[in-house]
Amino acid sequence: KLLSSSIIPRPVALITSFNSEDGIINIAPFSFFNGAGIGVLTLAIMRNGYEMKDTARNILDTKEAVVHIVSKDIEEEMNQTAAPLPRHISELERINVNLVESNTVKVPAIAEAKIRFETKLNQHVEIKDEDGFTITDLMILNVTDYYFDEEVFDPENLHVDFEKLNPI
């Protein structure tokens with residue numbers, strides 16, 4: 001909590017991924033998320049906790065995900081996706097969002113998100129403790145396409161209106 005509350009402003013991502021075994025769409029929030037590079041547009045996400053959860057497993061399996069910026073208007077849906085559910089149950093059953101097809105990945109995107117990034121896995125790094133036990137994973141994701149809602153994006157100035165985005 002100290003780290004995540006100290007690195008501010010810190011965006012929160014809502015990530016969709018695909019479970020290829022069951023055909024289930026997984027949706028999960030990530031508070032450890034940020035931009036990682038501009039030469040090759042990349043994002044970095046890190047899962048919390050010792051146990052690998054669905055999103056990390058799905059990304060390692062399919063090498064794809066869609067990263068959404070969470071704004072206030074989808075905050076409640078994001079909070080509900082944080083509930084621990086069995087792998088064979090999709091968070092879509094608990095929330096009220098619409099999915100749209102992505103352009104460069106098979107994973108669908110959340111239509112209500114004002115900003116989203118389609119991504120493919122570039123690199124997976126296991127973070128280990130002093131005993132060599134993997135305690136978390138860092139995933140570097142290459143952005144393959146992106147979407148900015150016209151309400152929040154000024155294409156002439158390449159500017160995102162922070163107030164209209166209203167991120168949490």
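A quick note: this is a predicted structure, and the numbers were derived from the prediction, not measured. Nothing fancy with the numbering, it's 1 onward along the sequence. The basis for the numbers below is simple: all heavy atoms, side chains too, and nothing from hydrogens, waters or symmetry mates.
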Residues Ile69, Phe117; criterion side-chain contact (heavy atoms from CB on, under 4.5 Å); working and verdict
CA-CA 9 Å; Ile69 302 297; Phe117 302 96; 4.2 Å; yes
Candidate pair Asn58 and Asn19, rule side chain to side chain donor-acceptor pair (under 3.5 Å), full reasoning:
CA-CA 5 Å; Asn58 292 345; Asn19 176 340; 4.5 Å; no
How far apart are the C-alpha atoms of Val143 and Glu118, what are their side-chain angles, what is the distance that settles it, and do they pass the side-chain contact (heavy atoms from CB on, under 4.5 Å) test?
CA-CA 6 Å; Val143 175; Glu118 297 174 15; over 6 Å; no
side-chain contact (heavy atoms from CB on, under 4.5 Å) between Met139 and Met46, worked out
CA-CA 6 Å; Met139 297 195 186; Met46 183 179 289; over 6 Å; no
Side chain to side chain donor-acceptor pair (under 3.5 Å) between Asn26 and Thr55: does it pass, once the steps are laid out?
CA-CA 7 Å; Asn26 177 262; Thr55 301; 2.5 Å; yes
Where do Leu43 and Thr119 land on the side-chain contact (heavy atoms from CB on, under 4.5 Å) test, with the steps shown first?
CA-CA 8 Å; Leu43 304 175; Thr119 66; 4.1 Å; yes
Apply side chain to side chain donor-acceptor pair (under 3.5 Å) to the pair Thr42 and Asn142, showing each step before the final yes or no.
CA-CA 4 Å; Thr42 55; Asn142 288 355; 5.5 Å; no
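Counting heavy atoms from C-beta outward, Val152 and Asn166 have side chains that stay 4.5 Å or more apart. Contact check for Val100 versus Arg116: side-chain heavy atoms found under the 4.5 Å cut-off. In this structure, the side chains of Leu158 and Phe153 come closer than 4.5 Å at one or more pairs of heavy atoms. Contact annotation: the side chain of Phe30 never approaches that of Val12 to less than 4.5 Å [non-hydrogen atoms, C-beta and beyond].
By the salt bridge (charged side-chain N to carboxylate O under 4.0 Å, His left out) test, Asp73 is found to be paired with Lys114, residues two or more places apart in sequence or in another chain being considered. Every residue two or more places apart in sequence or in another chain that forms a salt bridge (charged side-chain N to carboxylate O under 4.0 Å, His left out) with Glu126 is listed here: Lys128. For Asp137, the salt bridge (charged side-chain N to carboxylate O under 4.0 Å, His left out) partners two or more places apart in sequence, or in a different chain, are Arg47.
Linking ILVMFWY side-chain heavy atoms closer than 4.5 Å, directly or via other members, places Ile74 and Ile95 in a single hydrophobic cluster. Put simply, Phe32 and Ile168 are part of two different groups of oily side chains (I, L, V, M, F, W, Y) that touch within less than 4.5 Å, one to the next. Under the 4.5 Å side-chain heavy-atom criterion for ILVMFWY residues, no single connected hydrophobic cluster contains both Ile45 and Val70. One hydrophobic cluster holds both Ile127 and Ile140 under the rule that ILVMFWY side chains link at heavy-atom gaps under 4.5 Å. Residues Val105 and Leu99 fall within the same hydrophobic cluster, defined by Ile, Leu, Val, Met, Phe, Trp and Tyr side chains chained together at heavy-atom separations under 4.5 Å.
Looking only at distances, no side-chain donor or acceptor of Asp131 sits under 3.5 Å from a matching main-chain atom of Phe133. Proximity of a side-chain donor or acceptor of His68 to a complementary backbone N or O of Ile115 within less than 3.5 Å is not detected. Within the 3.5 Å criterion, the main-chain N or O of Ile24 finds no donor-acceptor partner in the side chain of Asp22. Side chain of Glu101 to backbone of Pro108: no donor-acceptor contact under 3.5 angstrom is found. With Ser102 contributing its side chain and Thr104 its backbone, the two residues share no donor-acceptor pair below 3.5 Å.
Taking every heavy atom of both residues into account, Pro86 and Asp54 meet most closely at O-OD2, 4.4 Å. Between Val107 and Val66, the closest heavy-atom pair is O-CG2, 3.5 Å. Shown here for Tyr147 and Ala113, the closest heavy-atom pair between the two residues is CE2-O, 3.8 Å. The minimum heavy-atom distance linking Phe18 with Thr62 is given by the pair O-CG2, 3.5 Å. Of all heavy-atom pairs spanning Leu14 and Pro29, the tightest one is CD1-N, 3.8 Å.
For Glu91 and Arg94, the salt-bridge test fails: no basic side-chain N is under 4.0 Å from an acidic carboxylate O.
Within a 6.0 Å radius of NZ in Lys63, more than 12 heavy atoms belonging to other residues, nucleotides or ligands are found. Sparse packing is recorded around CD of Glu163, with 12 or fewer heavy atoms of other residues, nucleotides or ligands lying under 6.0 Å away.
Ring pair Tyr146/Phe148: centre-to-centre distance below 6.0 Å.
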